[in-house]
Amino acid sequence: MSTWNPAAARTLRVEVDDTGDGEGAVAVLTMDTPGKLNAMGREFWPELREALAHLASDGRTRAVIITGAGDKAFSAGGDIASFADLTDVVAKREFQQDCMRTFAAVEESPLPIVAAVNGFALGGGCELALACDVVVAAETATFGMPECGVGLVPGFGVLRAPSVIGRHWTKLMMFGGERVDAPTALRIGLAQKVVPAAELMSAARELAGRFASMAPLAVASGKNLVNRGVDRGEFDHSTAALTTLHATADAAEGIAAFLGKRPPKFEGR
């Protein structure tokens, strides 16, 4: 087992397990801020892109697992406190574009990517699972897209969730704040496998190892063909909508209420 970290990495840990059997390596990317339930701050997005680019070009990695440190959360989503630091429209737009570039990097990586969901996958955490190729969930996993509760929407989730779980489940999770447990996630297609929490990583490694044993060019081509309906042009619409929402009084109130641990009072402006 060898470990590689980008020089400036602060939120991500990367381990590459080279099986030594000629079938290629499996990399495990761990979101590594368990004290914040692996919330995704502004540093996370470029770090994940850099790690995926490195692994895709290292000549030996054939599959990737993305998981979260600790047993409480895959990721609780975007670091809401960092949203409050986005003080102007340009900064808000650039942040949304950075997030979208990262989700696109997961979707467009030639490597098959398995999400190993341990605990909460909320907001951006749920969206990251949607961007991965296959989701293996612990029995304790919980999925949700609660952004409307702070005056926003899941910018990537609104684009991808309908094709994975359908429009109505997407609306229920978005508008109603519905949280989905592991058995429900399996039933609606948000997860493809559910296993006991203690078996999560072994199950994810077994699946990623199976992917790694396949012809890499065929896997990359197959992933590209399956994803051929993905429209990157949609990202611009989502980014524009989120930038507008970020500038509303409701969003400011929602973020302030979240940070102040109180119910928000939305006024529709």
Side-chain angles (χ1 to χ4, degrees), residues 9-12 29-52 64-70 72-86 91-109 113-133 135 137 141-162 164-165 170 173-174 177-180 185 190-191 234-235 238-239 241-243 245-246 251 254-255 258-259:
R10 297 177 60 184
T11 68
L12 195 66
L29 278 61
T30 304
M31 294 176 280
D32 198 19
T33 52
K36 300 179 75 172
L37 296 180
N38 303 315
M40 301 162 165
R42 295 174 72 176
E43 297 165 330
F44 167 77
W45 307 99
E47 287 181 1
L48 180 56
R49 290 198 305 273
E50 290 168 11
L52 288 174
V64 175
I65 299 168
I66 299 179
T67 193
K72 293 182 178 180
F74 178 70
S75 173
D79 186 352
I80 301 297
S82 69
F83 294 170
D85 296 333
L86 302 173
K92 292 174 170 52
R93 183 182 299 111
E94 289 178 347
F95 174 74
Q96 295 302 330
Q97 290 173 335
D98 204 36
C99 297
M100 290 295 191
R101 280 194 294 270
T102 304
F103 290 129
V106 175
E107 284 191 327
E108 295 174 3
S109 171
I113 300 177
V114 176
V117 177
N118 48 318
F120 293 115
L122 305 178
C126 185
E127 293 176 281
L128 180 57
L130 285 166
C132 292
D133 299 305
V135 176
T142 301
F143 300 82
M145 292 184 284
E147 286 88 343
C148 284
V150 293
L152 302 171
V153 293
F156 182 81
V158 298
L159 304 179
R160 294 295 174 265
V164 176
I165 63 175
T170 300
M173 292 180 72
M174 283 176 51
E178 186 85 359
R179 292 193 177 186
V180 172
L190 187 50
E234 294 175 329
F235 287 9
S238 181
T239 297
L242 269 167
T243 301
L245 285 172
H246 262 293
I255 292 169
F258 180 88
L259 296 176

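The shown structure was predicted, so the numbers you read here are calculated from the model rather than taken from an experiment. The analysis underlying the following values was restricted to heavy atoms, covering all of them including side chains, and did not include hydrogens, waters or symmetry mates.
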Return a table of donor-acceptor pairs under 3.5 angstrom between the side chains of residues 124-132 and protein atoms on other chains or two or more places apart.
residue : atom : partner : partner atom : Å
Glu127  : OE2  : Gly155  : N            : 3.4
Glu127  : OE2  : Phe156  : N            : 2.8
Glu127  : OE2  : Gly157  : N            : 2.7

Could I get the full list of side-chain contact (heavy atoms from CB on, under 4.5 Å) partners for Ala76, not counting sequence neighbours? Leu37
Are Arg179 and Leu122 side-chain neighbours, meaning at least one heavy-atom pair lies under 4.5 Å? yes
Step-by-step side chain to side chain contact (heavy atoms under 4.5 Å, CB included) determination, Ile113 to Leu29: CA-CA 10 Å; Ile113 300 177; Leu29 278 61; over 6 Å; no
side-chain contact (heavy atoms from CB on, under 4.5 Å) partners of Thr67, counting only residues at least two apart: Val28, Thr30, Ala116, Asn118, Met201
Which heavy atom of Thr11 sits nearest a heavy atom of Glu47, and at what distance? OG1-OE1, 2.6 Å
Who are the side chain to side chain donor-acceptor pair (under 3.5 Å) partners of Glu178, not counting sequence neighbours? none
Does some side-chain heavy atom of Val135 sit less than 4.5 Å from a side-chain heavy atom of Phe143? yes
Would Val158 and Thr170 count as a side chain to side chain contact (heavy atoms under 4.5 Å, CB included) here? Give the steps. CA-CA 7 Å; Val158 298; Thr170 300; 5.7 Å; no
Would Asp98 and Arg49 pass as an ion pair if we require N to O under 4.0 Å? yes
I'd like to check Leu48 versus Val106 (side-chain heavy atoms, cut-off strictly below 4.5 Å). Are they in contact? yes
Residue pair Trp45, Arg101: steps toward the side chain to side chain contact (heavy atoms under 4.5 Å, CB included) verdict: CA-CA 8 Å; Trp45 307 99; Arg101 280 194 294 270; over 6 Å; no
Any chance you could measure Met40, atom CE, to Met31, atom CE, to the nearest 0.5 Å? 5.0 Å
Qualifying side-chain hydrogen bond (donor to acceptor under 3.5 Å, both in side chains) pairs, either residue in residues 145-158, two or more places apart: none
If you measure from CG on Asp32 to CG on Asn38, what distance do you get to the nearest 0.5 Å? 7.0 Å
Decide side chain to side chain contact (heavy atoms under 4.5 Å, CB included) for Ile165 and Met173; before the verdict, give the C-alpha distance in whole Å, the side-chain angles of both, and the deciding distance to 0.1 Å. CA-CA 10 Å; Ile165 63 175; Met173 292 180 72; 3.7 Å; yes
Could you measure the distance from the CZ atom of Phe95 to the CE atom of Met100? Nearest 0.5 Å is fine. 11.0 Å
